[in-house]
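These notes concern the structure reproduced below.
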Amino acid sequence: MAPKSTSKKDKSPPSDPDGMFSGMVVFLIETGVQSRRLQIWKQKLVQMGAKIEERFSKNVTHVFAIDANSLLQKVDRERLTRSKAKLLAYQWLEDSLTKGEKEFEDLYVLSLQSGGGGSLSPKADNGSHPNSSEITPKKGRSSAEDAKNASPRHMIDAKDLAVVDSRDTKSASSLATRSSSPEVASPEVGTSDSSSLYKPPDLNRNITQIFGKLINIYRALGDDRRSFSYYKAIPVIEKLPFKIESANQVKHLPAIGKSMQDHIQEIVTTGKLSKLEHFEKDEKVKTISLFGEVWGIGPATALKLYEKGHRTLDDLRNEDSLTHSQRLGLKYFDDIQSRIPRHEVEEMERLLQKIGEEILPSVIVVCGGSYRRGKSSCGDMDIVITHADGKSHIGFLPKFVKRLKDMKFLREDLVFSVHSTEGTDSGVDTYFGLCTYPGRELRHRIDFKVYPRDIYAFGLIAWTGNDVLNRRLRLLAESKGFHLDDTGLFPATHGAGGKRTKGSASLKFDTEKQVFDFLGFPWLEPNERNL
DNA sequence: TGGCAGCGCAC
DNA sequence: GTGCGC
DNA sequence: GCCA
């Protein structure tokens with residue numbers, strides 16, 4: 001989430017070969033870092049002479065990460081120890097920038113001692129890798145809170161280093177993100193003016209952090225609407241170039257109503273929010289939140305389980321009312337929670353393309369989601385599939401799934417639906433399941449969506465996201481008298497009665513760009529869609 | 001006061 | 001029909 | 001929760 005798309009200047013300042021970071025070749029672990037801050041760091045690094053590597057190559061001299069855990073999740077411990085690169089906490093950057101000269105590195109070295117490569121405690125893991133809010137604020141982990149409380153041993157200075165939000169961790173291959181957020185004022189933040197003064201973003205973290213927790217709590221309680229309101233308020237507050245000292249300063253902002261003002265007032269005067277404090281010590285809220293993190297368990301089920309007397313995930317194992325999917329969600333709770341390094345997704349995408357090709361030549365297999373948006377790690381994989389001839393995609397999915405099961409790539413099924421042969425559901429076949437990286441047992445969530453070629457562009461757009469963009473496109477389409485979803489763009493069937501006439505077919509577009517153009521939305525490359 | 005998407009699956 | 005995830 |  002979080003429209004990190006603040007109107008960044010398109011002037012990427014020239015890099016100074018004699019800057020304080022000259023000679024450094026850095027590799028950044030983006031996990032758990034707030035996107036805007038990351039952007040600024042990148043910019044400063046380049047600006048002051050460092051070179052940023054997209055991969056952990058041999059010539060890397062410095063690796064930055066929020067903590068050792070996130071580091072180990074991205075790069076093999078072995079490669080790290082073999083490498084001569086310095087492994088530093090981002091705090092070193094912060095301090096160096098503040099100070100105006102390079103800090104003494106040894107005080108910031110990340111120790112690889114703790115946490116085996118994979119046997120991370122679930123909590124510590126969660127905290128450092130909050131679910132980038134893919135499509136909804138959904139099961140965002142309690143973000144910052146977890147990061148701090150759960151893995152203090154990895155924190156250099158918990159003060160504000162542990163800052164993590166439940167939102168996207170942008171990869172930002174391009175610092176110059178286009179701004180397409182008309183509804184939110186976008187004051188200039190941090191994006192270097194030529195002065196080399198370093199301005200930390202997040203002047204109002206005291207507020208956004210609390211709101212972030214409320215998002216998760218309301219979501220867990222089933223109050224999605226309310227949750228979403230806080231979700232919308234955060235990016236608005238984040239963009240303010242000043243620290244809020246009174247509710248009066250925010251009362252005219254969009255998404256900030258009476259209630260938000262009151263909360264903000266309380267936070268800036270007392271430093272906390274009694275409403276949240278109350279939630280956080282509430283046994284029921286805590287338990288329901290936990291249960292709700294299990295795939296397949298939502299607010300209603302979580303409540304039932306709580307009322308049955310369950311209090312821990314362990315308790316749930318002997319609960320026989322759980323569905324098949326919920327059982328799997330429970331069994332692989334930690335697995336599903338852990339994020340997948342980008343390069344592994346890349347390999348698995350290639351594998352899927354190869355297998356697909358063997359079953360159906362010229363089949364198109366693309367990994368969408370945060371991967372396609374360029375993120376450095378992904379919570380799951382969204383695979384979008386089609387075939388150019390417009391018909392041979394039919395019947396592909398069952399064969400594909402069987403083959404992948406035979407070779408032990410797919411391990412467990414969650415949902416499987418085939419419609420292409422019939423005609424329902426616009427002929428989109430869907431599969432949800434668990435898969436493993438070749439040679440491993442760690443389960444990852446994976447989705448397949450098979451589209452007829454003529455509506456493939458819509459599927460690709462929808463499954464690439466992010467959710468903010470999808471929502472904008474939807475609303476834009478609506479305003480022009482159309483209805484947009486992942487299966488097409490339909491002439492509005494407004495008027496009395498029938499919502500969407502199922503009969504009316506979607507407009508056909510060949511490419512994503514054509515859809516953007518038709519709607520009059522400025523084209524965004526996938527990696528620019530991290531709004 | 002109703003809107004904030006609305007679908008198909010498992011059960 | 002409800003709950004859930006997408 | 002916010003907004004029209």
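Keep in mind it's a predicted model, so treat the numbers as computed, not measured.
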Margin query: Whole angstroms only, please: what is the CZ-P distance between A:Arg472 and B:dA5?
Written below: 14 Å

Item checked: A:Arg225 side-chain proximity, nearest of D:dC2, B:dA5, C:dC6 -> B:dA5

Note to self: What is the separation between atom CG on A:Asp485 and atom P on C:dG5, rounded to the nearest whole Å?
What the structure shows: 21 Å

Note to self: Which nucleotide wins on minimum distance to the side chain of A:Ser259, given the candidates B:dC4, C:dG5, D:dC2?
What the structure shows: D:dC2

Note to self: Can you measure A:Leu476 atom CG to B:dC4 atom C1' for me and round it to whole angstrom units?
What the structure shows: 17 Å

Next item on the list: Please state whether the phosphate of B:dA5, meaning OP1 or OP2, lies under 4.0 angstrom from any side-chain nitrogen or oxygen of A:Arg474.
Entry: yes

Checklist line | Presence of A:Thr430 side-chain N/O under 4.0 Å of B:dG8 phosphate oxygens OP1/OP2 | finding: no

Next item on the list: Check salt bridge (Lys or Arg N to Asp or Glu O under 4.0 Å) between A:Asp282 and all other residues, then give those that pass, not counting sequence neighbours.
Entry: none

Check: In chain order, what residues pass the salt bridge (Lys or Arg N to Asp or Glu O under 4.0 Å) check against A:Glu512, with sequence neighbours excluded?
Finding: A:Arg372, A:Arg529

Note to self: Among residues at least two apart in sequence or on other chains, which ones pass salt bridge (Lys or Arg N to Asp or Glu O under 4.0 Å) with A:Lys281?
What the structure shows: none

Margin query: Measure CZ/A:Arg445 against P/C:dG5 and give the value in whole Å, please.
Written below: 10 Å

Item checked: Whole angstrom value for the distance that separates P of B:dG6 from CG of A:Asp467 -> 17 Å

Contact list (N/O, under 3.5 angstrom) for nucleotides 9-11 of chain B vs protein:
unit_1 : atom_1 : unit_2   : atom_2 : d
B:dC9  : OP1    : A:His419 : NE2    : 2.6
B:dC11 : OP1    : A:His324 : N      : 3.2

Item checked: A:Lys449 NZ - C:dC6 C1' separation (whole Å) -> 7 Å

Next item on the list: Sorted by first residue and then second, give each ring pair (Phe, Tyr, Trp, His ring centres under 6.0 Å) pair with at least one member in residues 235-269 of chain A; sequence neighbours left out.
Entry: none

Check: Do A:Phe291 and A:Phe333 have ring centres separated by under 6.0 Å?
Finding: no

Margin query: Between A:Arg219 and A:Asp224, does any side-chain N to carboxylate O distance fall below 4.0 Å?
Written below: yes

Check: Looking for any heavy atom pair under 4.0 Å, which part of the strands does A:Ile256 touch: base, sugar-phosphate only, or nothing?
Finding: sugar-phosphate

Next item on the list: Could you note down all residue pairs passing salt bridge (charged side-chain N to carboxylate O under 4.0 Å, His left out) where residues 454-466 of chain A supplies at least one of them, sequence neighbours left out?
Entry: A:Asp454-A:Lys508

Check: Among C:dG5, C:dC4, C:dC6, which is the nearest nucleotide to the side chain of A:Trp463?
Finding: C:dC6

Margin query: In this structure, how many angstroms lie between the P atom of D:dC3 and the CZ atom of A:Phe228, rounded?
Written below: 13 Å

Next item on the list: Could you measure between the two P atoms, the one in B:dA5 and the one in D:dA4, and give it in whole Å?
Entry: 16 Å

Next item on the list: Can you tell me the distance, in whole Å, between the CD atom of A:Glu478 and the P atom of B:dC4?
Entry: 8 Å

Check: Quick one: is A:Arg471 getting a side-chain N or O under 4.0 Å of the B:dG6 phosphate, OP1 or OP2?
Finding: no

